[in-house]
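Below is one structure; the comments refer to it alone.
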Amino acid sequence: RSLVKRKSTIVGGAAPEIELSLKLASFGDTLAGAESMCVKAYAEALEIIPYTLAENAGLHPMKTVTELRNMHNSGFVTAGINVRKGKVTNLTEENVVQPLLVTSSAINLATETVRMILKIDDILLMQ
């Protein structure tokens, strides 16, 4: 269904989420004050996705996410968690893809949820 609505795929294995996390953390460094803290916290929260994937695959999550982060920092943006091999590999070569709509919808829904919670907190603080 996702591929019918939007005919695009991206690499899987939590590669997009860790890449987005790293880009947001870098962007957060350019901001100041509360904005910086919010962006960095959101970037850190995105790392739960590769952590959970590694944990569910029976891998050591901290070690795996650190390796994944290091590979993305080195420019290997298609590096992801290969559940079959039990390590971080180039998932483009392994042909591990997922529909773009799945990832973008999940991130959009998570972002909207956070915004709603922050609005509720602002309303409660004003009262």
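Computed over heavy atoms, backbone and side chain alike; hydrogens, waters and symmetry mates excluded.
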Side-chain donor-acceptor distances from residues 71-81 under 3.5 Å, at least two apart:
residue, atom, partner, partner atom, Å
H72, ND1, E19, OE1, 2.6
H72, NE2, A79, O, 2.7
N73, ND2, R69, O, 3.4
S74, OG, N70, O, 3.0
T78, OG1, N90, OD1, 2.8

### Message
Under the salt bridge (Lys or Arg N to Asp or Glu O under 4.0 Å) definition, can you give me all pairs with a residue in residues 84-109, not counting sequence neighbours?
### Response
K85-E94

### Summary
dist L101:CG -> I10:CD1 (nearest 0.5 Å) comes out at 10.0 Å

### Separation of C38 SG from L31 CG (nearest 0.5 Å)
10.0 Å

### Query
Could you state the interatomic distance from CG (N95) to OG1 (T9), rounded to the nearest 0.5 Å?
8.5 Å

### Spatial distance of atom CG (L20) from atom OH (Y42) [nearest 0.5 Å]
7.0 Å

### Query
Do L46 and V39 share a hydrophobic cluster, counting only Ile, Leu, Val, Met, Phe, Trp and Tyr and linking them when any side-chain heavy atoms are less than 4.5 Å apart?
yes

### Task
Applying side-chain contact (heavy atoms from CB on, under 4.5 Å), name anything that partners A43, two or more places apart in sequence or on another chain.
S21, L24, A25

### Query
Which pairs, with at least one residue in residues 30-41 and sequence neighbours excluded, count as a side chain to side chain donor-acceptor pair (under 3.5 Å)?
D29-K40

### Residues clustering with L91 (ILVMFWY side chains joined when closer than 4.5 Å, directly or via others)
V11, V96

Distance-only donor-acceptor hits, side chain of residues 50-62, under 3.5 Å, sequence neighbours excluded:
residue, atom, partner, partner atom, Å
T52, OG1, I48, O, 2.7
N56, ND2, T52, O, 3.4
H60, ND1, K63, N, 3.1

### Query
Linking Ile, Leu, Val, Met, Phe, Trp and Tyr through side-chain heavy atoms less than 4.5 Å apart, which residues share a cluster with M37?
none

### V83-V65 co-clustered via ILVMFWY side chain contacts under 4.5 Å
yes

